[in-house]
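Quick notes on the structure that follows.
Computed from a predicted structure; not experimentally measured.
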Amino acid sequence: MSTPEVLWRPSRERIAEAGITRFRAWLQQTRGLTFADYEALWTWSVEQLEDFWEALHEWAGVRAHAPFRSVLAERVMPGARWFEGETLNYAEQLLAPALAPGRANRPALVFESELRPRTEIAWAELRTRTGALTATLERLGVQPGDRCVAYMPNIPETVVALLATASVGAIWSSSSPDMGPVSVLDRFRQIEPVVLFAVDGYRYGGKDFDRREVVRELVRQLPTLRTVIFVPYLDPDAAIGEVEAEAARAGRRVTALPWSQALAEPAECAFRPVPFQHPLWVVYSSGTTGMPKAIVHGHGGFVLETMKTNLLHLDVSERDRYFWFSSTNWIMWNLWVSTLMSGATLLQFDGNPGHPDLDTLWRLAERERLTFFGTSPAFIGLCMKAGMKPRERFDLSALRTIGTTGSPLTAGACRWIYGEVHPDVLLASISGGTDPGTAFLSACPILPVYAGEMQCRGLGASIHAWSDAGEPLIDEVGELVCTQPMPSMPLHFWGDADGRRYFESYFEAFPGPPNVWRHGDWLKLTPRAESVTAIIYGRSDSTINRHGIRMGTSELYRVVEEFDEVADSLAIDLEYLGRESFLALFVVLRAPGSAGGKGAAPEGAAAARGDTGVDETLRRRLLDALRTRLSARHVPNEVYAIPEVPRTISGKKLEVPVKKILLGQPVEKAVNRDSMANPASIEWFVEFGRARAAS
């Protein structure tokens with residue numbers, strides 16, 4: 001077992017001030033519990049699961065209206081029932097810091113974008129805006145359990161809309177306006193919203209994008225909508241009458257309300273107490289087949305997990321100026337907003353982080369004296385390639401923590417951060433995601449940082465690497481599994497009445513009893529002196545992960561296979577630790593003039609060398625369609641013509657075996673040819689992978 005370079009050790013002062021140090025001292029004083037090191041604390045947190053979560057609940061100060069009867073009814077997955085009897089409200093927890101002495105006039109949000117100048121919103125003002133919008137939603141008849149959806153970028157109005165929605169006990173869901181109508185409707189149709197928050201457009205990279213036609217399409221295609229609350233973000237004079245007219249043409253009555261009118265009548269904040277597991281929001285994480293999974297998280301679970309993550313792992317407090325670059329599509333936006341409950345000032349940026357150049361976010365960090373800078377490995381990689389040395393050009397001395405998630409962070413990227421950004425920061429490389437609503441693998445301010453490794457398994461997260469046979473592995477790569485329930489795990493999938501899709505998504509690989517959550521990541525765990533560190537090696541399934549935002553291949557196929565020229569298709573995401581993220585789209589072309597015949601395709605080696613076999617006009621049309629109708633983040637790097645798509649005897653596309661082959665696994669280990677309907681089809685990919693690796 002090799003030991004990588006230690007890049008950082010916390011000072012005595014950092015350890016003494018850390019939230020996790022205070023928590024351990026409290027456990028000793030109130031419970032008589034002492035722990036030799038982090039690993040001992042982690043072991044207790046997963047073995048004495050109920051004791052850990054009850055202790056965290058008390059120490060962190062969850063604001064409850066009615067007390068709980070039990071911490072966990074039964075250790076089962078799925079279906080764990082946490083803190084039964086307790087009532088609370090997520091929005092109340094987030095806005096509680098405004099009531100602290102001297103806090104009301106301090107900034108809760110600091111916002112800037114390519115469209116608007118820098119703006120500060122004080123804690124008291126954030127409560128005022130939330131109270132006014134909450135009262136408007138109630139006047140509109142929004143009830144607990146109703147769905148309010150947003151087609152909005154990362155702007156203060158989106159934060160207020162979420163807080164007001166949660167305040168009345170309604171259910172939130174959002175998509176960013178860079179998503180096309182197909183992707184948005186695939187998500188929102190499932191949950192039948194009654195209110196839509198929407199912008200007229202946005203600016204990104206200096207270019208304006210008018211989204212009013214998409215908003216009209218949403219109004220046409222979402223028959224349950226009763227109200228559109230409209231934010232004129234791109235054009236302050238944008239009219240909203242066309243929204244009502246569009247609904248009238250569809251034979252429905254939809255009220256269009258400008259944002260200014262929705263906030264016109266002042267009202268005190270009013271928070272409806274709801275059960276701990278009352279639905280808070282629906283987020284989306286696509287599988288490989290069918291519609292995006294509509295994942296429902298609860299009020300209490302996200303409150304408790306955010307407190308654990310921020311107070312114990314990321315070491316965030318009211319003294320922090322906290323920033324994490326994210327779009328409203330990503331669960332990191334939800335985590336960013338939820339950090340309000342720590343009392344920190346949140347920095348909010350809407351725009352292209354590379355416009356007009358890669359200095360944009362570093363200038364923000366200097367100007368705002370950020371203490372916490374959250375980003376992605378993709379952004380770090382761009383800065384490295386550009387030869388940037390931020391610490392030589394910007395005053396980043398206020399930084400205490402740099403967060404990163406979305407894809408694996410390489411050892412080289414870790415070294416670059418300590419060498420070129422700041423030599424004395426906690427590098428919080430974390431991994432978890434939309435599905436569990438938390439980080440399985442996390443950071444810790446009292447532990448060292450090893451190059452290329454995440455510091456620890458999260459407290460209360462029973463994370464292991466398993467072999468295909470369900471055996472635990474140490475210092476070997478295996479499937480990431482979670483063997484105990486966590487409060488933030490999905491309550492259910494929307495519309496999944498019998499729970500079958502939920503079970504198949506996470507528990508089918510290692511069915512119980514007891515059931516074990518399989519996350520779909522390759523994981524290696526390595527014992528170190530103070531903890532067990534972790535490395536994620538990419539997805540073990542075929543879900544596309546582009547810089548942390550996951551999308552199912554089925555969504556991509558729906559767009560691609562509408563083209564008359566395309567008979568079949570296969571998408572493979574080759575994101576892997578230490579390599580360039582590369583999304584390849586393989587298409588079977590119809591023969592010219594044929595209704596169903598297949599066109600010619602180059603050999604695999606020729607395709608790897610550049611003869612893709614796809615006409616440039618068709619290639620451009622395919623990529624443009626995916627960019628506009630699906631997502632700009634999920635546009636393939638290249639399109640290749642292939643003779644046929646490898647399939648199982650039952651007709652399923654063999655995405656995972658092809659991915660394994662293209663990542664270098666021997667074909668005999670990647671696929672059982674006897675299970676294939678067309679075993680010869682795999683040879684094209686073997687040849688393609690071999691030639692690509694050699695180039």
Side-chain angles (χ1 to χ4, degrees), residues 149-153 173-191 193 196 198-205 207-223 225 234 246 250 283-294 327-330 352 542-547 549-573 583-590 614-640 653 655:
V149 299
Y151 189 58
M152 302 261 281
S173 192
S174 69
S175 287
S176 69
D178 62 356
M179 296 188 75
V182 172
S183 295
V184 179
L185 287 167
D186 279 352
R187 287 153 173 76
F188 289 171
R189 266 203 198 104
Q190 298 184 62
I191 64 174
L196 168 67
V199 291
D200 59 325
Y202 64 98
R203 182 173 295 166
Y204 189 85
K207 183 179 179 182
D208 290 346
F209 295 86
D210 188 328
R211 308 307 272 171
R212 287 176 295 179
E213 176 53 38
V214 178
V215 174
R216 289 193 289 269
E217 180 72 9
L218 298 182
V219 172
R220 284 193 294 268
Q221 299 293 335
L222 296 173
L225 275 184
L234 180 62
E246 193 63 52
V283 290
Y284 306 90
S285 181
S286 298
T288 57
T289 59
M291 300 293 283
K293 296 180 294 186
S327 80
T328 52
N329 279 336
W330 193 15
N352 184 342
S542 56
T543 303
I544 300 169
N545 178 16
R546 297 292 270 179
H547 314 313
I549 299 178
R550 292 174 180 167
M551 179 172 286
T553 52
S554 61
E555 297 184 73
L556 188 146
Y557 297 148
R558 276 201 297 275
V559 175
V560 170
E561 292 174 15
E562 285 183 2
F563 279 71
D564 292 338
E565 299 94 330
V566 177
D568 204 354
S569 62
L570 185 74
I572 304 295
D573 179 13
L583 176 58
L585 174 61
F586 301 96
V587 294
V588 179
L589 299 175
R590 297 185 191 276
V614 178
D615 173 78
E616 179 59 26
T617 301
L618 175 60
R619 175 184 181 276
R620 187 165 54 249
R621 287 171 56 220
L622 284 166
L623 299 185
D624 286 347
L626 290 168
R627 182 179 294 105
T628 57
R629 297 182 56 199
L630 195 64
S631 166
R633 295 174 181 268
H634 294 82
V635 176
N637 294 82
E638 191 52 87
V639 185
Y640 302 94
K653 299 182 184 187
E655 296 165 317

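- Looking at heavy atoms from C-beta onward, L570 lies in side-chain contact with Y557 at the 4.5 angstrom threshold.
- Two residues are said to be in side-chain contact when any heavy atoms from C-beta on lie closer than 4.5 Å; E638 and L585 fail this criterion.
- Within the 4.5 Å cutoff, side-chain heavy atoms of P636 are placed close to those of L626.
- Within the model, atoms CG of L185 and CZ of R629 stand 11.0 Å from one another, a figure rounded to the nearest 0.5 Å.
- Among all heavy-atom pairs drawn from P181 and T628, the shortest one is CD-O, 4.0 Å.
- Nearest heavy atom pair, residue G201 against residue L234, reads C-CB, 3.7 Å.
- Shown here for Y284 and S173, the closest heavy-atom pair between the two residues is OH-OG, 2.8 Å.
- Only one option out of R619, R590, R621 pairs with E565 in a salt bridge (charged side-chain N to carboxylate O under 4.0 Å, His left out); it is R621.
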> How far apart are the C-alpha atoms of R216 and R220, what are their side-chain angles, what is the distance that settles it, and do they pass the side chain to side chain contact (heavy atoms under 4.5 Å, CB included) test?
Replying inline: CA-CA 6 Å; R216 289 193 289 269; R220 284 193 294 268; 4.0 Å; yes
> Could you walk me through whether L589 and D615 pass the side chain to side chain contact (heavy atoms under 4.5 Å, CB included) check?
Replying inline: CA-CA 10 Å; L589 299 175; D615 173 78; over 6 Å; no
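- A distance-only check finds no donor-acceptor pair linking the side chain of D568 to the backbone of V588 [under 3.5 Å].
- A heavy-atom distance below 4.5 Å is found between the side chains of V566 and L622.
- Atom-to-atom distance recorded for R627:CZ and D178:CG is 12.0 Å, nearest 0.5 angstrom.
- Between the OH atom in Y202 and the CE atom in M152 there is a gap of 14.5 Å [rounded to 0.5 Å].
- The line from CG of L218 to CG of L225 is 8.0 Å long, rounded to the nearest 0.5 Å.
- No donor-acceptor distance shorter than 3.5 angstrom exists from the side chain of R211 to the backbone of D200, with no hydrogens or angles considered.
- Checked by atom type and distance alone, the side chain of S183 never pairs as donor or acceptor with a backbone atom of M179 at under 3.5 Å.
- For the atom pair I191 CD1 and L222 CG, the distance stands at 9.0 Å (nearest 0.5 Å).
- Using a distance-only test at 3.5 Å, with no hydrogens or angles considered, no donor-acceptor pair links the side chain of S569 to the main chain of V587.
- The two residues A150 and F188 come nearest to each other via the heavy atoms O-CZ, 3.5 Å.
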> Is there a salt bridge (Lys or Arg N to Asp or Glu O under 4.0 Å) between R212 and E217 once you walk through the steps?
Replying inline: CA-CA 9 Å; R212 287 176 295 179; E217 180 72 9; over 6 Å; no
>> Using side chain to side chain contact (heavy atoms under 4.5 Å, CB included), reason through L556 and H634 one step at a time and then give a plain yes or no.
In response: CA-CA 8 Å; L556 188 146; H634 294 82; 5.5 Å; no
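- Distance alone, capped at 3.5 Å, is enough to place a donor-acceptor pair between the Q190 side chain and the P292 backbone.
- Rounding to the nearest 0.5 angstrom, the gap separating the CZ atom in F586 from the CD1 atom in I572 is 6.5 Å.
- Annotation for T328 and S175: closest pair OG1-C, 3.8 Å, computed over non-hydrogen atoms.
- Side chain of Y151 to main chain of P177: a donor-acceptor pair is present (N/O by atom type, distance under 3.5 Å, no hydrogens or angles).
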>> side chain to side chain contact (heavy atoms under 4.5 Å, CB included) for V283 and W330? Distances and angles first, verdict last.
In response: CA-CA 8 Å; V283 290; W330 193 15; over 6 Å; no
